[in-house]
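The structure appears right after this line, and notes come after that.
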Amino acid sequence: MKVFSLFAALSVLVIGSINQVSAQETKVRWFGHAAFSITTPRGAVLLIDPWLNNPLNPEAKDGKDPLASVPKVDYILLTHGHRDHVGDAVEIAKKTGAALVCNPELAGNLVKLAGFPEKQGTTDSIMGIGGEIQIADGEVTIAMTPAIHSSSVFNPKAGANEPERAYGGNPAGFVIIIKNGPTIYHSGDTAYFKDMEIIGENYSLDVALLNIGGHFGMEPKMAAKAAQAVRARLAVPQHFGTFPGIAQNADGFAAELKKMKINFYEMKPGETITYRGKQLIKSK
Ligand SMILES: [Zn+2]
């Protein structure tokens, strides 16, 4: 036993030193619309609102299968049940074994109506607004924050005289706190609300991923107010340019942030930004 533990300890040391260069790096990738992946320093992969088949995703163009670009996923986080957010969650879950992080009503209906794998949709990472959970062996803490929006699940089993949308619980946002990495806020599709200030008071946000497209969520001017309310060190726009009816670019948002002297970075679909600790070091 002793020999074995010594060997195990040595291998941890060796593996540790090999990984040292990238050990403290967190990677945030945007697939277009509200879909992001986060890869933690220890290599856990979180996928948020994974509509990978959205028209902006370069991985979905030219007949490519966008699911091939996410071979490993540990957790799927859903802010609410709308199709442009649940996206390809069911197929990704089946392919990767990822556990679901969302509210219980959305999880229950995705399992029952959309074929989300039951074991992965009924773990203790199902949560409610106001709560925090620890995932990825304690490396990541997730807080579910309020969002003013709606939430429903498309029901492919609905009969001719039944509503095609089932209950999706309360819509939400997420604060994702990564050990030795940044704290990231994803707004979901929320409208601006003044109590967003409480998110900024409770959490020290390195980056806020904010919906800016308007029509269904915040107009660019209100999204800038949201960036100010949550006191983000950096504001990154999302949920724009995907389909007609929402803002086609982030120029209005950028202009408002400039007036407020808030840092802005516009990711390109498919782009990854890298944090070392809490420091943004590069994008590609
Ligand atoms: Zn949406």
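In listed order, ligands and their atoms are each counted from 1. The residues of the chain are indexed from 1 along the displayed sequence. Reckoned from all heavy atoms, side chains included, excluding hydrogens, waters and symmetry mates.
Ring-centre distance between H33 and F243: below the 6.0 Å cut-off.
Listing protein N, O or S atoms at distances below 2.8 Å from the Zn ion (ligand 1), with waters left out, gives D84 OD2, H85 NE2, D189 OD2, H239 NE2.
The side-chain hydrogen bond (donor to acceptor under 3.5 Å, both in side chains) search around E91 returns none, not counting sequence neighbours. For K278, the side-chain hydrogen bond (donor to acceptor under 3.5 Å, both in side chains) criterion is met by D206, not counting sequence neighbours. Judged as a side-chain contact (heavy atoms from CB on, under 4.5 Å), and not counting sequence neighbours, the contacts of A226 are Y192, M196, L210, M218.
Neither V73 nor W51 shares a network with the other; the hydrophobic side chains, linked directly or stepwise wherever heavy atoms of I, L, V, M, F, W or Y lie under 4.5 Å apart, form separate groups for each.
In this pair, H239 and H85 present their aromatic rings parallel. The plane angle is below 30°, not in the 30 to 60° band.
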